[in-house]
Every structure is written in structure tokens, then in C-alpha cells.
Amino acid sequence: MTRIAFCDDDAALLHQMQDFLEQYRTLRGVQLELAPYTKPMELLADIEAGVRFDVLFLDVLMPGINGINAAREIRRYDTAVQIIFVTSSSEFAVQSYVVGAYYYQLKPIWKDSFFRLTDAVLAECRKRTQHSLILRCKSGVTRITLDSLEYCEVQGRTLGGAGGGAFPPAASAGAAGGRAAVHPAAAAAVHPVPCPLHAAAFPLPGLGAVPVRHRAAGGLSF
């Protein structure tokens, strides 16, 4: 199921977006879980508490904190959510892409164009899901895109990998007596992540089973 949040201090627009999404859900026959927010701080509190969404429609001009700054805070906890800014001003269009926005939609919103935009962003979500791994670790649940993963190795119960910042920061395996194996091409980018993984291979979409090497000791506890 795809989880979609939308945040706007304008109650009329919030109602319109919910109506559009409910119509979209019925016409396309897709499973959507909808979460409306009128206050950006409530949205931020939920995300900081671990709530995750696939798509976020976010107003820019709101009291308390504008949508751009809210998106910066969100990116500290979730780099995967597709953010679509919905606003009446083009002033922040350039800034929106600094926080990795998927799209910048100017108001008013028309149903046909909204449906096309939703088609596109959900297709991108499906593409990411098919080309990524979701793992639970001490810092939470993280999604690792396959194109950023260069190699992986299991040491006891610890998964170590390298790939351009694919893994969130975690305690060093070396500090617990273990050693993350270093791929020759990625010696400077090793980020061990403690994960409950007990398989000899990863089933990766389109690649089949990719073997991983195991070490008997030195893994971090979890």
C-alpha cells in the first residue's frame, strides 16, 4: 500500500486534495493510505517519531515554518519520500530542488493534471521499490537503492557495505572487535550497519541471489 501525506494550512485546499486522491484511488483501483495535516509541525513530529510516507504533498507558505524548511527537516530523517510542493508562489521553485523535490506544483490544482502527476510519482515509487532493499537496523528502517550498493558482507550478525552513503551512520564494527571488509573500489566508504540478517545471499530484483560472505565473530549485538 502506498502512503500519501498532504500538508496545507488552507482547509479548503486540503479537502480538495483529499477528494482528488480518493477519486484517484477509486478510478485507478490502487491502494492508498491518506494522511492529511493542517500543521507542518505535527507532520514533522510524526516523521521524527518514525512515521514514513511514500509521497508528500507539501504547501510552501505556511505559518510557523515554511514548506522548504520543513522539507529540510524531513530530509534529516527520510531521504526516500517523494516531496511535491504545492503553492501559489513560484518564488521558491529553485530552492525546492535543493531538498530533492520531485515536483513543484503551482496552485490552482486541476484534477486532470493532478491525476497525471500522481500517476508519474507513483510509477517512480514502484520503480524505487523494485530496485532497492529495505533493512531494519539500530537507527531505524532504511531503504538502500541497488544502484548505490557496490558490495556487502555479513560479519556474524552485522551487515557491512559500501556505496556512496547508502547506509545511515551507525556504531563502528571495529569498536566492537569486528572489521568491515573493504572493497578495493570503495575503501573510503564503508558503513557497517547492524541488521538481523542470516542468509547466505541477497535475493535482489533482476539479479537473482547475490552471495554475501560471513564471518563467525565480531558482529555488533542488536
Side-chain angles (χ1 to χ4, degrees), residues 2-25 28 30 32-132 140-145 147-148 164-166 168-169:
T2 303
R3 306 191 69 202
I4 299 179
F6 41 105
C7 181
D8 199 303
D9 63 317
D10 185 336
L13 183 67
L14 205 66
H15 182 270
Q16 180 191 35
M17 291 188 64
Q18 181 153 0
D19 182 56
F20 281 175
L21 286 167
E22 288 174 349
Q23 290 184 51
Y24 180 92
R25 177 168 54 189
R28 296 292 195 266
V30 294
L32 301 179
E33 181 179 333
L34 308 179
Y37 291 86
T38 57
K39 299 177 181 178
M41 296 307 295
E42 292 179 354
L43 171 65
L44 287 173
D46 280 352
I47 289 176
E48 289 179 10
V51 177
R52 292 294 178 264
F53 301 102
D54 300 293
V55 181
L56 171 59
F57 291 92
L58 186 61
D59 188 17
V60 173
L61 302 175
M62 294 182 289
I65 181 172
N66 68 42
I68 301 295
N69 289 333
R72 288 194 180 101
E73 287 295 313
I74 290 168
R75 285 298 185 218
R76 293 176 55 198
Y77 301 93
D78 189 344
T79 60
V81 62
Q82 301 284 7
I83 298 176
I84 298 174
F85 288 104
V86 182
T87 181
S88 57
S89 172
S90 60
E91 178 183 354
F92 300 94
V94 174
Q95 295 182 47
S96 71
Y97 293 101
V98 175
V99 294
Y102 178 80
Y103 198 74
Y104 193 91
Q105 173 67 55
L106 290 175
K107 300 175 183 178
I109 303 172
W110 307 106
K111 185 167 72 172
D112 287 347
S113 60
F114 182 81
F115 276 26
R116 287 194 297 270
L117 174 58
T118 306
D119 282 339
V121 72
L122 293 189
E124 181 64 24
C125 288
R126 288 190 294 270
K127 180 181 176 182
R128 286 193 174 194
T129 300
Q130 294 167 357
H131 295 84
S132 63
V141 176
T142 186
R143 181 185 297 275
I144 305 169
T145 57
D147 59 2
S148 66

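Every value quoted in this text rests on a predicted model; they were computed, and no experiment measured them.
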Hey, could you give me each pair passing salt bridge (Lys or Arg N to Asp or Glu O under 4.0 Å) that has a residue in [range]? Not counting sequence neighbours.
range           : answer
residues 3-19   : Arg3-Glu33, Asp8-Lys107
residues 90-101 : none
residues 66-77  : Glu73-Arg76

Point-to-point distance, once rounded to the nearest 0.5 Å, from [atom1] of [X] to [atom2] of [Y]:
X      : Y     : atom1 : atom2 : value
Cys7   : Met41 : SG    : CE    : 10.5 Å
Tyr104 : Gln95 : OH    : CD    : 8.5 Å
Ile74  : Asp46 : CD1   : CG    : 10.5 Å
Gln18  : Leu13 : CD    : CG    : 12.0 Å

What pair of heavy atoms forms the shortest contact from [X] to [Y], and how long is it?
X      : Y     : value
Ala70  : Leu44 : O-CD2, 3.6 Å
Cys125 : Val55 : SG-CG2, 3.7 Å
Arg25  : Val30 : CG-O, 3.0 Å
Ile65  : Pro40 : CG2-CG, 3.6 Å
Ile83  : Ala71 : CD1-CB, 4.0 Å

Can you list the residues that meet the side-chain hydrogen bond (donor to acceptor under 3.5 Å, both in side chains) rule with [X], with sequence neighbours excluded?
X      : result
Tyr102 : none
Glu42  : none
Lys39  : none

Close side-chain approach of [X] to [Y], heavy-atom, < 4.5 Å:
X     : Y     : result
Val98 : Ile68 : no
Phe6  : Ile84 : no
Ile47 : Val81 : no

Could you go through the side chain to side chain contact (heavy atoms under 4.5 Å, CB included) check for Leu117 and Tyr103 one step at a time?
CA-CA 9 Å; Leu117 174 58; Tyr103 198 74; 3.8 Å; yes
Using distance only, find each side-chain donor-acceptor pair of residues 56-64 under 3.5 Å and give its atom names and separation, not counting sequence neighbours.
none

Ala35: what forms a side chain to side chain contact (heavy atoms under 4.5 Å, CB included) with it, not counting sequence neighbours?
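Partners of Ala35 by the side chain to side chain contact (heavy atoms under 4.5 Å, CB included) criterion, ordered by chain and then number, come out as Ala5, Tyr37, Phe53.
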Residue list, side chain to side chain contact (heavy atoms under 4.5 Å, CB included) with Ser113, at least two apart or on another chain
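With neighbours one apart ignored, the set is Trp110, Arg116.
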Using the ring of each side chain (for Trp, its six-membered ring), is Phe115 parallel, tilted or perpendicular to Phe20, with breaks at 30° and 60°?
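It falls in the perpendicular class, over 60°.
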Taking it one step at a time, do Arg28 and Leu122 satisfy side chain to side chain contact (heavy atoms under 4.5 Å, CB included)?
CA-CA 11 Å; Arg28 296 292 195 266; Leu122 293 189; over 6 Å; no
What residues, two or more places apart in sequence or in another chain, satisfy salt bridge (Lys or Arg N to Asp or Glu O under 4.0 Å) together with Glu124?
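Only Arg128 meet the salt bridge (Lys or Arg N to Asp or Glu O under 4.0 Å) criterion with Glu124.
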Does anything in residues 63-97 pair up under ring-ring contact (aromatic ring centres under 6.0 Å, His included), and if so which pairs, sequence neighbours excluded?
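For residues 63-97: none.
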